[in-house]
Amino acid sequence: MPRPRRPQLLAALADDRDVHGPPLQAPKGFRITSRDPDFDLYDNVGRDADQIHAARYNLATRADLKRWARRDAQPFRAAHPLPDQPWPAPDLTPYLDALAAAQSPAEIDAVTDHVLDAAEPALRALSDYLVAAARWNRENRDAAKGSPSNLLMTAASRALSVLALADEAGTKRLRATYDPAPTPATPTDLQQGTTASLPPSPPSPGTGPRR
């Protein structure tokens with residue numbers, strides 16, 4: 001599809017209406033600027049939703065951005081070779097077999113604790129890297145919410161929150177088993193004078209023990 005001229009694109013945005021609502025608006029901060037020489041608008045034939053949206057607003061897709069970044073980083077990658085293989089995935093078979101055989105909250109907790117202990121070093125290493133990336137070029141200083149640095153710091157925190165949430169789930173399961181909340185007294189119990197859970201009444205004045 002040929003690249004539309006500016007007046008045509010702006011007119012298309014102005015006339016674009018949702019049948020269930022008001023006219024659609026261009027994204028905040030929308031502007032038409034010169035693009036990378038590799039940039040090309042997409043048509044709707046054989047394109048995914050991201051590419052169709054990009055064509056409507058003359059924007060680059062995520063795939064475009066990644067492709068340009070890979071191209072521009074080739075000299076850097078040649079000077080700093082990185083492993084091409086992902087981290088080895090752990091063998092969960094023993095944990096899943098033990099989980100399937102568990103018959104009580106205590107047994108489930110024993111398996112889950114073991115998994116969390118095994119996964120913690122990798123999750124902590126990932127969190128440490130994300131923090132370092134957030135601090136690149138001191139971008140984290142006065143970083144606004146939603147900025148790349150802020151999002152990286154949030155991701156670093158959430159990498160460790162996996163451990164905290166799983167541990168909290170196990171603690172709640174154990175509390176429900178070993179330390180359940182006391183059952184509230186019913187009106188019948190109160191009528192029968194059940195006061196075992198109430199503290200003793202203080203003595204009346206002048207009725208202290210005799211010496």
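Computed from a predicted structure; not experimentally measured.
Closest approach of Ile108 to Leu99, counting heavy atoms only: CG2-CD1, 4.1 Å. When every heavy atom of Ala106 is checked against every heavy atom of Tyr178, the shortest pair comes out as CB-OH, 3.5 Å. Considering all non-hydrogen atoms of both residues, Ala156 and Ser127 come closest at O-OG, 2.9 Å. For the pair Asp113 and Asp167, the tightest heavy-atom approach, listed with the atom from each and the gap, is OD1-OD1, 4.4 Å. Nearest heavy atom pair, residue Tyr95 against residue Val115, reads CD2-CG2, 3.2 Å. Looking at every heavy atom in both residues, Pro81 comes nearest to Ala78 through CD-O, 4.0 Å.
Of the inter-residue distances, the one linking Leu174 atom CG with Ser104 atom OG reads 9.0 Å to the nearest 0.5 angstrom. To the nearest 0.5 Å, the span separating CG on Leu163 from CG on Asp117 amounts to 9.0 Å. If you take CG on Leu126 and CH2 on Trp87, they are separated by 5.5 Å, rounding to the nearest 0.5 Å. Rounding to the nearest 0.5 Å gives a distance of 8.0 Å between CZ of Arg173 and OG1 of Thr177. To the nearest 0.5 Å, atoms CZ (Arg77) and CG (Leu82) are separated by 5.0 Å.
Checking side-chain atoms of Ser149 against main-chain N and O of Ala134 turns up a donor-acceptor pair under 3.5 Å.
Every ring-ring contact (aromatic ring centres under 6.0 Å, His included) that Phe76 has, sequence neighbours left out, goes to His80. Take Glu168 and apply the side-chain hydrogen bond (donor to acceptor under 3.5 Å, both in side chains) test, not counting sequence neighbours, and it matches no residue.
For the pair Asp72 and Arg67, the salt-bridge criterion is not met [side-chain N within less than 4.0 Å of a carboxylate O].
The salt bridge (charged side-chain N to carboxylate O under 4.0 Å, His left out) analysis of residues 85-110, with sequence neighbours excluded, yields no pairs.
Counting heavy atoms from C-beta on, the side chains of Leu130 and Met153 never come closer than 4.5 Å.
Cluster membership for Leu165 and Leu123, using ILVMFWY side-chain heavy atoms within less than 4.5 angstrom, is not shared.
Judged purely by distance below 3.5 Å, without hydrogens or angles, the side chains of Asp64 and Thr61 pair a donor atom with an acceptor atom.
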